[in-house]
Protein chains: 2
Amino acid sequence: MANKHLKIRIYNGGTVAMGPGKAELLETIDTCGSISSAAKQMQMSYRRAWELVDVMNKCFNQPVVTSASGGQHGGGAHLTDFGRFILKSYRDLVVKAQLATELELNQILSNLNQSE
Amino acid sequence: MANKHLKIRIYNGGTVAMGPGKAELLETIDTCGSISSAAKQMQMSYRRAWELVDVMNKCFNQPVVTSASGGQHGGGAHLTDFGRFILKSYRDLVVKAQLATELELNQILSNLNQSE
DNA sequence: TATCGTTATTCCTATTTGAATATAACGATA
DNA sequence: TATCGTTATATTCAAATAGGAATAACGATA
């Protein structure tokens, strides 16, 4: 039953500004301190991780992640306060949505076949 | 600001059982009476519309759409009572989710750049 | 100034997706 | 039984997407 679930994405025009994957990436960058190590931990190419960050930074009116190259450890990336704010808003949004729609969600999920 | 919005999809494993596009298709089939005319109205290929219906019918433990070929007008398709039930559940779910997350949604949407 | 791991970017290829086309089957009706 | 518009399905081709590999730039440190 863990494979039946709800996903919420927030769009800016045709592009996803925030969603499950981007939120997870932000959290992983926060704990890892760099895009590359976050990508490795999430088993995602650096290219893709960087692109997701780029999309977010371009969608919002402030950067959610700042980064620098060079230095002793090659550089790194970290969430901005704004990034933390957006991330928390999204996480809260998902939780509240799940709570508020328990009835309807269950009406749908309980009628799904098993998958995988 | 109409281009900033939230989309909710419900997954059965890796496949989308219900989402904005499938819900709209169900409504259009309901008013049109056939997959082909619904596809035409939504400017979507018949092949794609049929596939979306097929995915839904396979995801759920009962069909959401039944169809028949042949007859005076070539046949047609219509929503089952179960299909109407799932559709209404999804529509209610989306409305309730929006209402319950107004604060967080606005915190995110208000920080998005304009797009298009 | 050489080293290091990371950021940032480009290029090319493989895979996936989507659309268009074609065709058979269907069955109520005239 | 001929007609009709639809369902259902396969095939092919173009387009979009994803992924991998390669490389330059960066800057603190030794």
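All values reported here derive from a predicted model rather than from experimental measurement. In what follows, chains carry the letters A, B, and so on, assigned in the order in which the sequence lines appear, proteins first and then strands, with residues in each chain numbered from 1.
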The residue, G71(A) or M44(A), whose nearest nucleotide of DNA chain D is more 5′ is M44(A)
Checking contacts here: which listed nucleotide (dC26(D), dA10(D), dA25(C)) is nearest the side-chain heavy atoms of R47(B)? dA10(D)
pair I29(B)-S34(B): side-chain heavy atoms closer than 4.5 Å: no
Short side-chain N/O contact to dT6(D) OP1/OP2 from S67(B), under 4.0 Å: no
Testing dT7(D), dC26(D), dA8(C) for proximity to the side chain of A77(B), the answer is dT7(D)
Under a 4.5 Å cut-off applied to non-hydrogen side-chain atoms, are R9(A) and L6(B) in contact? no
Could you check which of dC26(C), dA8(C), dT29(C) has an atom nearest any side-chain atom of I35(A)? dA8(C)
To the nearest Å, give me how far apart OH (Y46(A)) and P (dA18(D)) are. 18 Å
L52(A) atom CG is separated from dT7(C) atom P, nearest whole Å, by 14 Å
Whole angstrom value for the distance that separates C1' of dT3(C) from NE2 of H73(A): 13 Å
Is it the case that the side chain of N57(B) and the backbone of Q62(B) share a donor-acceptor pair, with hydrogens and angles ignored and the cut-off at 3.5 Å? no
Expressed in angstrom and rounded to an integer, what is the separation of Q72(A) atom CD from dT3(C) atom P? 16 Å
Residue S36(B), side-chain atoms from C-beta onward, closest of dG19(D), dT7(D), dT29(C): dT7(D)
Rounded interatomic separation in angstrom, taking NZ from K40(B) and C1' from dT7(D): 14 Å
Here the distance between atom P of dA8(C) and atom CZ of R48(A), to the nearest Å, is 17 Å
Under 4.5 Å between side-chain heavy atoms, hopping through other hydrophobics if needed: is there a path connecting F85(B) to V64(B)? yes
Do any side-chain nitrogens or oxygens of W50(B) fall under 4.0 Å of OP1 or OP2 in dT7(D)? no
Between S45(B) and G33(A), which residue's closest nucleotide on DNA chain C lies nearer the 5′ terminus? G33(A)
Secondary-structure stems, DNA chain D, at least 3 Watson-Crick or G-U base pairs under 3.5 Å: C:1-30 with D:1-30
In terms of heavy-atom contacts, does CG of D81(A) have more than 12 from other residues, nucleotides or ligands at under 6.0 Å? no
Atom-to-atom span, CD of E51(A) to P of dT10(C) - whole angstrom: 12 Å
With no hydrogens and no angle check, is any side-chain donor or acceptor of K22(B) less than 3.5 Å from a backbone partner on M56(B)? no
Do the non-hydrogen side-chain atoms of Y90(B) and E104(A) ever get within less than 4.5 Å of each other? no
Heavy-atom nearest nucleotide on DNA chain C taken for G74(A) and for G74(B); more 5' hit belongs to G74(A)
